[in-house]
Amino acid sequence: MADQNYDREVDLLVAGAGAGGMAAALVSALEGLEVLLCEASSQVGGTAATSAGTLWIPGSRQSIAAGFADSAEAAETYLDAIIGAQTSRHLRLAFLRTGPDAIDYLAARSEVVFRPCGRHPDYRSNQPGAAVSGRAIIPEPFDGRVLGRDFERVRPPIDEFMVLGGMMVGKDDIPRLLGRFSSFANFVHSAKLVARFLSDRLRYSRGTRLVMGNALVARLYHSLRERDVPILFETSIEGLVIGADGVTGAVLRSGGKSLRVRARKGIVLATGGYAHNASLRGAFMPELGRARSMAVQSNRGDGIALGQKAGARVAPEEHRSGAFWSPVSVTRRPDGSTGLFPHLVMDRAKPGLIAVNASGRRFVNEADSYHDFVEAMFASHKSAPTIPAYLICETRFVRKYGLGAIHPGTRSLAAVERSGYLVSAGTIEELARRISVDPAGLRETVRRSNEYARTGVDLDFAKGETELNRFNGDPVHGPNPCLGPIEAPPFCAMQVWPAEIACSTGLATDEDARVIDRGGRPIPGLYACGNDMASIMSGTYAGPGITLGPAIVFAYRAARHAAARASHGRENRGSAKVA
Ligand SMILES: Cc1cc2nc3c(=O)[nH]c(=O)nc-3n(C[C@H](O)[C@H](O)[C@H](O)COP(=O)(O)OP(=O)(O)OC[C@H]3O[C@@H](n4cnc5c(N)ncnc54)[C@H](O)[C@@H]3O)c2cc1C
């Protein structure tokens, strides 16, 4: 492509305004670069906007200041134990060494600020180096009103994560809302939340008190606006311009027209991974996991496909799993559409719930991480149909703890039963028949699990024996906070399926997020972060926030590397070609 064919020239072009892309754009702007961000959809935030917003950052200053001592070395021991010392180790070390600095950098120079989660155990909490507290941080809540009319540019969370048709509820809010009549402080907190929401609804399409992933992306967006970083909405990257000295520009598509952008210092691919690209899904996921995805529809694998065309190496062979998984139930929304509810932390570990396959047998420690739960579904399906699997409990359990999209405290289950979301019956055998599970198998499984509830020891899957299990159990239930009987009718069942919440396989990179070619050399001028970059966890789910943590840290590393990089020599610009 000749010089004069460019429509625009910047230092850095970033593709994708999710967590990774906005962080890369923000850091490069803070480093003094002229940056342009393009976003395929009409809103910022991507899947990150719908996420819990947790970042896994061992040794963050925020956590240490709050009294949770930790170190990169302890986290290194942990990752070596669960992933293996060879795979991507240099990337993990770069991540661990830079994590706290990246978070401090953002907190000091922008509105992207975090607080420690406190107790939030690693997901393989019985392994060497695992921590019970201090590694997870979350964004401070954000007041969306600060964005004015641009608030509508922030992608909302999924419907199932909001109450009253548009109010966000953080994890800390849940006990206070549920116990709103049990103390004056809870009542005031709940009343304030609802009053704020009602006032928001006079001017905005949803509540403006943002928490979790929505707070993270709104904070990133606000910081970009404050620094006048231009964002081209409904503009997709669709080609890379490659010259003798690497990637020098890109072709964007906006409103049916092509826009050619020269990028003096490089391009960051942050288009959210391959979730909705059928052929990459076929290549990187087990067949049984291909049906459902929690990612936003606009994540079509563009970054990975462009990287591949530019000669990049995609790194599936090092990945134990091509994706990070959660069991999901399929909800029916009031408008007739369906949604997916991820069973992350609220229900599976509570006492009085088991998960079974079509033989009526348990196949997993239900209180293990959502990723490990789905991996166990895949393994069990080889010998007995386990996709879908069923969560079995009493309806009393549902009212007390909630189940999937059914909130705790829900009095009438009639509507969810009518829609088929929940199936109930007066006996275990009748329930089994209604969900086409072997009645004798289920009866025997319930008998065994009731025995374990009494003794407090799960002889089959050791449920309740790790910090993670107990953290998500019911602390006031004994003798084991994760084991309870299923004996009082009516009984009920909910179908769950595998869905990915993030991609693991992606473009291979070096420590500065530079995309690596098939010969192992960095492709000059091409960076990847977020789910476009191969996960440093190699398909193992180490703890809360292991996709957003690395997304932000490698965005930071990419932006700073690009800022330190010399601009492309003008002499090479005429010899470039579009890939
Ligand atoms: C319910 C749920 C909870 C989760 N909770 C957590 C959590 O607490 N912690 C954690 O670490 N992870 C969590 N995740 C996973 C996390 O959300 C993702 O890993 C993360 O959002 C990936 O960030 P990203 O920047 O790569 O992609 P995204 O945030 O999805 O952003 C990608 C953006 O790129 C845009 N785009 C796509 N193609 C193009 C193109 N060609 N040109 C321009 N733009 C393009 C998309 O429209 C999108 O806006 C959760 C996921 C789900 C579904």
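Counting starts at 1 for both ligands and their atoms, following the listed order. All residue numbers refer to positions in the sequence shown, counting from 1. All values below were derived from every heavy atom in this structure, side-chain atoms included, with hydrogens, water molecules and symmetry-related copies excluded.
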Participant: Please give me the minimum heavy-atom distance between Tyr123 and Ser369, naming the atom from each residue.
Facilitator: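 Looks like CD1-CB, 3.6 Å.
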Participant: Determine whether Phe142 and Asn214 make a side-chain contact, defined as any pair of heavy atoms from C-beta on separated by less than 4.5 Å.
Facilitator: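 They are not in contact (no side-chain heavy atoms under 4.5 Å apart), so the answer is no.
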Participant: Ligand 1 versus Ala270, non-hydrogen atoms closer than 4.0 Å: side chain, backbone, both, neither?
Facilitator: backbone
Participant: If you look at every heavy atom in Thr466 and Ser125, which pair is closest and at what distance?
Facilitator: CB-OG, 3.4 Å
Participant: Any heavy-atom pair between the side chains of Leu353 and Leu403 that's under 4.5 Å?
Facilitator: yes
Participant: Is Arg8 salt-bridged to Glu34, going by a charged N under 4.0 Å from an acidic O?
Facilitator: no
Participant: Distance to 0.1 Å, residue and atom name: give those for the protein heavy atom nearest to atom 11 (O) of ligand 1.
Facilitator: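 Protein heavy atom at minimum distance: Leu548 N, 2.6 Å.
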Participant: Would you say ligand 1 has an N or O under 3.5 Å from any N or O of Ala19?
Facilitator: yes
Participant: What atoms in ligand 1 come closer than 4.0 Å to a heavy atom of Gly45?
Facilitator: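 Within the 4.0 Å cut-off of Gly45, ligand 1 contributes 29 (O).
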Participant: In terms of atom number and element, which parts of ligand 1 are under 4.0 angstrom from non-hydrogen atoms of Ser298?
Facilitator: 37 (C), 38 (N), 46 (C), 47 (O)
Participant: If we count only N and O atoms by modelled type, under 3.5 Å, do the side chains of Ser133 and His120 hold a donor and an acceptor together?
Facilitator: no
Participant: Please determine if Arg219 and Glu111 form a salt bridge, counting it only when a charged side-chain N lies under 4.0 Å from a carboxylate O.
Facilitator: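 Judged by the 4.0 Å cut-off on N to carboxylate O distance, Arg219 and Glu111 do not form a salt bridge.
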Participant: Less than 4.0 Å between a side-chain N and a carboxylate O, is that true for Arg348 and Glu366?
Facilitator: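 The answer is no: the pair does not qualify as a salt bridge.
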Participant: Indicate whether the side chain of Trp325 and that of Asp372 have a donor and an acceptor atom separated by less than 3.5 Å.
Facilitator: no
Participant: Relative to ligand 1, is Leu55 under 4.0 angstrom through side chain, backbone, both or neither, heavy atoms considered?
Facilitator: neither
Participant: Looking at atom 52 (C) of ligand 1, what's its closest protein heavy atom, distance included?
Facilitator: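 The closest one turns out to be Ile501 CB, 3.8 Å.
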Participant: Give a yes or no on whether a salt bridge exists between Glu500 and Arg281, defined as a side-chain N under 4.0 angstrom from a carboxylate O.
Facilitator: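 Yes.
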Participant: Is Pro544 in contact with ligand 1, taking contact as a heavy-atom separation below 4.0 Å?
Facilitator: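 Flag not set, Pro544 not near ligand 1.
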Participant: Mind checking whether Asp302 contacts ligand 1 via backbone (N, CA, C, O), side chain (CB onward), both or neither, at a 4.0 Å heavy-atom cut-off?
Facilitator: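 Only the side chain of Asp302 comes within reach of ligand 1.
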Participant: Got a salt bridge between Glu160 and Arg333, using NZ or NE/NH1/NH2 to carboxylate O under 4.0 Å?
Facilitator: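 Judged by the 4.0 Å cut-off on N to carboxylate O distance, Glu160 and Arg333 do form a salt bridge.
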Participant: Could you list which atoms of ligand 1 come closer than 4.0 Å to a heavy atom of Gly530?
Facilitator: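 Heavy-atom distances to Gly530 below 4.0 Å select 26 (O).
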Participant: Looking only at protein heavy atoms, which one is nearest to atom 16 (C) of ligand 1, and how far off is it?
Facilitator: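 Ranked first by proximity to atom 16 (C) of ligand 1 is Thr547 OG1, 3.5 Å.
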Participant: Which residue owns the protein heavy atom closest to atom 17 (O) of ligand 1, what's the atom, and how far is it?
Facilitator: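 Result for atom 17 (O) of ligand 1: Ser51 CB, 3.4 Å.
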Participant: Check ligand 1 against Thr54 and write out every atom of the ligand that is under 4.0 Å from a heavy-atom position of the residue.
Facilitator: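 Close to Thr54: 7 (C), 8 (O), 9 (N), 10 (C), 11 (O).
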Participant: Mind checking whether Ala52 has an N or O less than 3.5 Å away from an N or O of ligand 1?
Facilitator: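 Indeed, backbone or side chain, Ala52 has an N or O that close.
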Participant: Note the single closest protein heavy atom to atom 26 (O) of ligand 1, along with its residue, its atom name and the distance in Å.
Facilitator: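 Result for atom 26 (O) of ligand 1: Asn531 N, 2.7 Å.
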Participant: Atom 34 (O) of ligand 1: which protein heavy atom is closest, and how many Å away?
Facilitator: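 Here the closest protein heavy atom is Gly16 CA, 3.3 Å.
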Participant: For ligand 1, note which part of Val217 has a heavy atom under 4.0 Å away: side chain, backbone, both or neither.
Facilitator: neither
Participant: What protein heavy atom sits nearest atom 49 (O) of ligand 1, and how far off is it?
Facilitator: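 Going atom by atom, the protein heavy atom closest to atom 49 (O) of ligand 1 ends up being Glu39 OE1, 2.7 Å.
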Participant: Who's the nearest protein heavy-atom neighbour of atom 25 (O) of ligand 1, and how far?
Facilitator: Gly20 N, 2.9 Å
Participant: Does any donor atom in the side chain of Ser63 or Arg135 lie under 3.5 Å from an acceptor atom in the other side chain?
Facilitator: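 Side-chain D/A pair, Ser63 to Arg135: absent.
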Participant: For ligand 1, is Cys38 a contact, meaning one of its heavy atoms is under 4.0 Å away?
Facilitator: yes
Participant: With no hydrogens and no angle check, do the side chains of Tyr221 and Glu226 hold a donor and an acceptor under 3.5 Å apart?
Facilitator: no
Participant: If you measure from atom 21 (O) of ligand 1 to every heavy atom of Ala48, Ala40, Gly46, Gly213, which option wins on shortest distance?
Facilitator: Ala48
Participant: For Gly545 and ligand 1, answer yes if some heavy atom of the residue is under 4.0 Å from a ligand atom, otherwise no.
Facilitator: yes
Participant: With only distance considered, is Asn299 within less than 3.5 Å of ligand 1 through an N or O on each side?
Facilitator: yes
Participant: Hey, does the Lys NZ or Arg CZ of Arg300 hover above the aromatic six-ring of Tyr274, less than 6.0 Å from the centre and inside 45° of the axis?
Facilitator: no
Participant: Side chains of Arg155 and Thr50: any donor to acceptor distance under 3.5 Å?
Facilitator: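 Note: Thr50 and Arg155 side chains miss the donor-acceptor criterion.
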Participant: For the 3.5 Å polar cut-off, considering only N or O atoms, please tell me whether Gly549 and ligand 1 meet it.
Facilitator: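 In fact, backbone or side chain, Gly549 has no N or O that close.
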Participant: Check each atom of ligand 1 against the heavy atoms of Met294 and keep those under 4.0 Å away; list them by number with element.
Facilitator: 53 (C)
Participant: Counting from 1, what ligand 1 atoms have a heavy atom of Ile546 closer than 4.0 Å?
Facilitator: 11 (O)
